[in-house]
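See structure below.
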Amino acid sequence: MDSRAELTRRAWALLGIGALLVALGVLLLVRPVASPAALKSVLAVALLLAALSQLVAARRMRSPRLLAAVLWVVAAAVAFGWSEPSTNGLAWLFGGALIAGGVVELVMFARLPRASNLQFAAAAGALTHLLFAATVLLWPSISAFTLGVALSIWSLLFGIRIVVHGVDRLRHRDQPQLVAAAGWSPKLRVVGSLSMLLVAALVAGAAVLIGSDTTPEPGAFYTAQAGFDVTPGTLLRREVIDPFIEGATTYRVLYTSRDLDGTPAATSGLVIVPDDDEVPVGGRPVLAFTHGTIGVARSCAPSMLDDAYVEQMWGLEALIDAGWIVAAPDYLGLGSEGDHPYLVGPTAAENTLDAVRAAIGLAGDEASSRFAVAGHSQGGHAAMFTGQQAPAYAPELDLVGVAGLAPASELAAFIEANDGTTFGNLLGAYAVVAWDRVFDDIDATDIVDPAVLPIVERLADACVATGPEALSLLTDAELLQLGFLVSPIWETEPWASRITENTPGAEPIDAPLLIVQGTDDVLIRPDIQRRFVTRLCDNGQQLEYREFADVGHLGVDDTADDYVVDWLTDRLTTPPTIQTCGTD
């Protein structure tokens, strides 16, 4: 049996090793690694510390801990000696070491007294190692940054476990047989094991969710034939979506619009025509429904959702009952070919105005030239630019009103206010990648930390959704808390100038404008929205501003939809004399 002094030395050694592992984990989170060359040394150090902890903790020469120590030392030596490691190679090396640790803990589990807290801890430790192994081996397109985050979390958990083990041994160095059964040790061991297992399960689950891709790819419908009619607003293709909504016929459409350079491009969307036979004199008005952020990848087109999109189309039933034809553009690059110019106002406006033209062409004599435009968030941004550009781009159309529901208005202020938040990171990733694709003077590598660039690009390939897909998106967005932009995008050129160019309000809207805002909106903050409203009012914009109390960003459309639909419908008959530039 070891002497009291030897037990004390071992206990303090475990405390020190555990503390070093915890410190290493914290350091990796605070200063993530960006390259396999840097990561290999950190991985080797972590594995050596873990191996040393097992050597110190082993009480017998035949202890399974010694096998774990040997295997981890071998893995550390491979990492140290690897001259040009790849991220995937390091992932397999770390995953293999974790599997070895899990197997050793399973052997310990089999040898320990049944139903004891020590056996439970060994089982939890085994599952934790195996879940972390699954994480690093299943994570799609794993980067040095992501692998480093997994290593840091494992180092933290394993280090804390070693610290607890050391404290336990120090408390019972006179009676080592009580370590397994006395004091607070059993309860703490069970709670700690459960916590460790839960974290590992969440990390592994994130890897599985991120690796799953249930988004359908656009079919042949979304690809225009060679030599298509380049006249803006020309209806190129249509097909009925049934079922969609009662009381109307819904068409998926492909029509001609323009890209960022003014080149003719096919764009997709929906046109919804009421089935009511009583067409008003002069035809039905058209409501351009501009959607909020759903993603920047081609597979994120709302028209691909079929009738599942109805739930996101606030006020649709009321619009149909009021006799509106609804034209809902996907925007360029969503569904149709090309890159999506996210929050690029002029292109969104042209896509929207051409959707109105396509709807009029489809409905024929049932449609009038009168139209309004309304949208939420990104859609509110698109709606205001549509109002600004309508007279010049589509002078044959008669704009009667524009409505923005929590619109993305003061872009620089909103970007700064959301910098570092989960949703700010998600939307920022969309904007960075989209602008890198569509602007020649923009390069994402100038503004994004190279360590997280793979995560930013992966986010850009994912669509905003509900359920498991949303969890994977938020996981990636949360990882960007560890590093994203290397300088403030709202102050860095040419980004700052592009942000200013795509901020609405530089030109007046020659029609009444309604802006509605939730007071509890933390994404599009009401104080910033009020400043935007004041700026427009000072410039003479005819505007009504209304706030809805206790309503957040995602709830304002459902809360305000009746008010907005009534306001839009009133614009068809009521003289535009509304002016409430103060907060209502």
Side-chain angles (χ1 to χ4, degrees), residues 32 34 143 145-146 149 210 291-297 300 331 333-334 339-345 347-348 376-382 406-439 441-465 469-504 521-525 528-529 532 552-554:
S143 64
F145 172 84
T146 309
V149 170
I210 291 173
H291 67 79
T293 299
I294 195 170
V296 298
C300 298
Y331 310 138
L334 301 183
D339 295 318
H340 174 51
Y342 180 62
L343 290 177
V344 177
T347 305
H376 172 243
S377 196
Q378 178 194 359
H381 175 272
S409 51
E410 296 285 8
L411 293 189
F414 288 131
I415 293 170
E416 182 176 4
N418 289 285
D419 182 42
T421 67
T422 301
F423 284 105
N425 289 340
L426 172 61
L427 302 183
Y430 283 161
V432 165
V433 173
W435 286 22
D436 175 82
R437 292 170 179 171
V438 301
F439 290 123
D441 60 343
I442 292 289
D443 189 339
T445 59
D446 293 337
I447 198 79
V448 177
D449 187 335
V452 301
L453 192 57
I455 294 177
V456 174
E457 292 172 344
R458 186 167 63 237
L459 276 170
D461 289 333
C463 310
V464 174
E469 292 86 356
L471 292 177
S472 67
L473 246 149
L474 294 178
T475 299
D476 268 338
E478 192 66 25
L479 283 174
L480 294 184
Q481 300 281 24
L482 303 176
F484 183 13
L485 302 178
V486 295
S487 62
I489 191 172
W490 55 92
E491 296 176 354
T492 306
E493 293 296 348
W495 300 85
S497 295
R498 292 297 188 184
I499 289 171
T500 299
E501 292 169 9
N502 289 285
T503 295
D521 194 332
V522 295
L523 185 64
I524 302 295
R525 283 176 21 190
I528 299 175
Q529 198 72 275
F532 174 72
H553 187 68
L554 297 179

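Numbering starts at 1 and runs along the sequence shown. Keep in mind that what you see is a predicted model, and the values were worked out from it rather than measured.
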Rounded distance [0.5 Å steps], [atom1] in [X] versus [atom2] in [Y]:
X: T293; Y: H381; atom1: OG1; atom2: NE2; answer: 10.0 Å
X: E410; Y: T500; atom1: CD; atom2: OG1; answer: 9.5 Å
X: D446; Y: L485; atom1: CG; atom2: CG; answer: 12.0 Å
X: D436; Y: T445; atom1: CG; atom2: OG1; answer: 7.5 Å
X: I415; Y: I499; atom1: CD1; atom2: CD1; answer: 4.0 Å
X: N425; Y: D419; atom1: CG; atom2: CG; answer: 7.5 Å

Does the side chain of [Y] come within less than 4.5 Å of [X]'s, by heavy atoms?
X: S487; Y: I447; value: yes
X: H553; Y: V522; value: no
X: F414; Y: I528; value: yes
X: D449; Y: F484; value: no
X: L453; Y: V448; value: yes
X: V433; Y: Y342; value: no
X: V432; Y: I489; value: yes
X: T347; Y: V438; value: no

Applying side chain to side chain contact (heavy atoms under 4.5 Å, CB included) to L427 and L523, what does each step give before you reach the verdict? CA-CA 10 Å; L427 302 183; L523 185 64; 3.9 Å; yes
[X] and [Y]: which non-hydrogen atoms are nearest, and at how many Å?
X: P504; Y: S409; value: CD-O, 3.2 Å
X: C300; Y: I294; value: O-CG2, 3.2 Å
X: I524; Y: A406; value: CG1-O, 3.7 Å
X: T421; Y: N418; value: OG1-O, 2.8 Å
X: A434; Y: V296; value: CB-CG1, 4.2 Å
X: Q378; Y: L343; value: CG-CD2, 3.9 Å

Using ring centroids (six-membered ring only for Trp), state whether Y331 and H291 fall under 6.0 Å.
yes
Exercise for the section: Give the ring-plane orientation class for W435 versus W495, where under 30° counts as parallel, over 60° as perpendicular and anything between as tilted. Expected result: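 W435 vs W495 ring planes: parallel.
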Donor-acceptor pair, distance only, cut-off 3.5 Å: does the side chain of S497 make one with the backbone of P494?
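Not confirmed, S497 side chain does not pair with P494 backbone.
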Heavy-atom donor-acceptor pair, E501 side chain to G345 backbone, under 3.5 Å: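 Judged by distance alone, no pair lies under 3.5 Å.
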- Taking atom CZ of F423 as the centre, report whether more than 12 heavy atoms of other residues, nucleotides or ligands fall under 6.0 Å from it.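 No.
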